[in-house]
Amino acid sequence: MTQVTRTELLPGVYLTAVHTMKFKSSYMGIQLLTPLSEEHAAANALVPMVLRRGTERCPDMERLSAALDELYGGSVEPIVRKKGETQCVGFVASFLDDAYVPDGTPILEHAAALLGELLLTPARENGGFVSAYVERERANLVDRIRAQVNDKRQYAVLRLVQLMCQGEPYGVDRLGSEASAAAITGEALWERYQALLSGARVELYFSGSAPFERVEAAFRSALAGLNGREAAPVSVCRNTLSGGEEKPRNFEDALDVTQGKLSIGLRTDIKVTDEEYPALMLFNAVFGGTTTSKLFLNVREKLSLCYYASSQLEKFKGLMLVFSGVEFDKREAAQSEILAQLEKCRRGEIEPWELEAARRSGVNSLKSMLDSQGRMEDFWLGLAVEPGDGPEDLAARLEQVTVEQVAAAARRVRLDSIYFLKGKEEQQ
């Protein structure tokens with residue numbers, strides 16, 4: 001039996017605790033939530049990477065690793081995400097659940113305390129971060145941003161979002177830009193860290209066998225240093241649905257690639273909190289979100305116009321992104337067929353087996369989430385940004401969606417942008 005409890009632990013500090021006996025490990029998270037912006041995205045992303053290098057008590061990676069070993073080989077990793085127009089930076093951690101500790105030593109309190117140390121008492125030098133840690137992690141961040149171009153499939157989607165959402169916070173990459181990352185100084189990063197501590201919403205997460213009262217007490221003690229925060233941290237989420245142009249926009253880049261990447265951006269004007277959202281989920285599954293979708297079976301398998309063709313929802317922003325890999329000379333045919341399959345969905349030309357296959361895929365995905373602590377943490381973090389149904393309630397709503405509702409959701413979708421990544425030789 002899984003029980004979820006949520007409370008405001010301290011001003012602007014919220015705890016979501018999932019009581020479950022399913023896992024041998026407990027899973028924790030500390031996230032700082034702040035509006036996504038070009039100015040601060042890279043520095044925000046760098047903060048948890050530098051914090052993870054050491055604390056006052058464990059000022060280097062060697063001693064921090066020793067502290068984790070004492071907790072039966074626990075792990076703590078920095079993580080940077082964006083949920084709509086909110087940037088989420090912090091740590092996720094996994095430790096042996098107390099129910100499975102051989103000698104009965106409590107792990108929860110020590111693990112929470114270590115997370116609190118990482119967040120609140122970093123290793124310091126001359127009143128700020130250790131300069132060597134900042135320099136190394138800044139170089140790592142720049143390398144990560146540069147490396148995004150190496151995965152051409154994901155890079156094409158990244159570029160589509162950047163171009164489609166120019167001037168909107170959602171167009172900013174979760175890691176920020178290379179130029180802004182390279183320009184970060186130790187002093188500026190310390191100032192950004194202090195700003196996050198004082199103004200960002202803090203989201204805590206726990207999944208494990210410990211009762212809620214014990215989890216609450218452990219985190220309250222670990223984060224007592226946040227007691228002096230203002231009662232009303234900044235708003236974390238705009239998630240504007242408006243935007244785009246009346247006519248679809250076309251964008252192109254040329255790189256040294258042998259296969260074209262065609263990405264299409266659609267605005268759904270449906271948010272995760274809207275009544276129509278379950279119908280939108282099934283529309284995405286029918287259209288391109290599964291291996292039984294129209295894009296997979298028709299554009300890829302039947303017509304062989306693409307090496308791959310699929311779609312995904314950006315549920316917090318109300319976008320649907322279509323991505324495909326095509327031969328350069330098949331671009332127009334592939335694009336036409338993708339949009340033709342969209343029109344079929346709008347007209348309600350959906351076979352009963354297509355709808356049921358999409359429904360089973362969506363329901364099974366939501367239910368299988370309960371078997372993954374990492375997926376659950378990510379899902380509940382999303383609900384902290386934009387409140388909505390839990391996985392079981394959302395699965396129940398999917399069971400009730402009709403083909404007419406799917407078609408109605410499809411008709412809400414409007415074509416915004418088309419992006420094509422072509423080869424350099426195609427530029428001539």
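Only this structure's heavy atoms are used, side chains among them; waters, hydrogens and symmetry mates stay out. Not measured: the values here are computed from a predicted model.
- Proximity of a side-chain donor or acceptor of S372 to a complementary backbone N or O of M369 within less than 3.5 Å is not detected.
- Legend: residues meeting side-chain hydrogen bond (donor to acceptor under 3.5 Å, both in side chains) with Q341, ordered by chain and number and at least two apart, are E337.
- A donor-acceptor pair is defined here as one N or O able to donate and one able to accept, closer than 3.5 Å; no such pair exists between the side chain of R81 and the backbone of Q87.
- Scanning for salt bridge (Lys or Arg N to Asp or Glu O under 4.0 Å) contacts around E351 gives an empty result, with sequence neighbours left out.
- Residue pairs meeting the side chain to side chain donor-acceptor pair (under 3.5 Å) criterion with at least one partner in residues 293-304, sequence neighbours excluded, are K294-E354.
- K317 and E314 are not joined by a salt bridge, as no carboxylate oxygen comes within less than 4.0 angstrom of a charged side-chain nitrogen.
- By the side-chain contact (heavy atoms from CB on, under 4.5 Å) test, E178 is found to be paired with V142, I145, R146, residues two or more places apart in sequence or in another chain being considered.
- For R201 (side chain) and A384 (main-chain N/O), a donor-acceptor pair under 3.5 Å exists by modelled atom type.
- Pairs of residues two or more places apart, or lying in two chains, never qualify as ring-ring contact (aromatic ring centres under 6.0 Å, His included) while including a residue from residues 366-422.
- A donor-acceptor pair shorter than 3.5 Å cannot be found between the side chains of S25 and D97.
- Every residue two or more places apart in sequence or in another chain that forms a side-chain hydrogen bond (donor to acceptor under 3.5 Å, both in side chains) with R159 is listed here: Q162, D253.
- Panel note: side chain S324, backbone L262; a donor-acceptor pair is recorded below 3.5 Å.
- A salt bridge links R346 with E343: the closest approach of a Lys/Arg side-chain nitrogen to an acidic carboxylate oxygen falls below 4.0 angstrom.
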Verdict with supporting geometry, V413 and R267, side chain to side chain contact (heavy atoms under 4.5 Å, CB included): CA-CA 6 Å; V413 170; R267 296 197 184 249; over 6 Å; no

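- Counting only residues at least two apart or on different chains, the ring-ring contact (aromatic ring centres under 6.0 Å, His included) pairs with a member in residues 171-199 are F129-W190, F129-Y193, W190-Y193.
- Note: L114 CG to F95 CZ = 5.5 Å, rounded to the nearest 0.5 Å.
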Derivation and outcome, side chain to side chain contact (heavy atoms under 4.5 Å, CB included), residues L119 and L197: CA-CA 9 Å; L119 181 65; L197 284 186; 4.1 Å; yes

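- Between the side chain of S368 and the backbone N or O of S365, at least one donor-acceptor pair lies under 3.5 Å.
- Without hydrogens or angle criteria, T20 side chain to K22 main chain gives a donor-acceptor distance under 3.5 Å.
- Under a 4.0 Å N-O distance rule, the pair R412/E276 qualifies as a salt bridge.
- Pairs of residues two or more places apart, or lying in two chains, that qualify as salt bridge (Lys or Arg N to Asp or Glu O under 4.0 Å) and include a residue from residues 392-402 are E275-R397, R360-E399, D389-R397.
- Note that CG of L33 and OG1 of T86 are 6.0 Å apart. Values are rounded to the nearest 0.5 Å.
- Residue pairs that meet the ring-ring contact (aromatic ring centres under 6.0 Å, His included) test with at least one member in residues 251-297, sequence neighbours left out, are F283-F287.
- The list of side chain to side chain donor-acceptor pair (under 3.5 Å) pairs with a residue in residues 121-133, not counting sequence neighbours, reads E125-S131.
- Contacts classified as salt bridge (Lys or Arg N to Asp or Glu O under 4.0 Å) and involving residues 36-53 (residues at least two apart or in different chains) are given here: R53-E137.
- For S94, there are no side-chain hydrogen bond (donor to acceptor under 3.5 Å, both in side chains) partners at least two apart in sequence or on another chain.
- A salt bridge links R63 with D60: the closest approach of a Lys/Arg side-chain nitrogen to an acidic carboxylate oxygen falls below 4.0 angstrom.
- Side-chain atoms of Q405 come within 3.5 Å of backbone N or O of T402 as a donor-acceptor pair.
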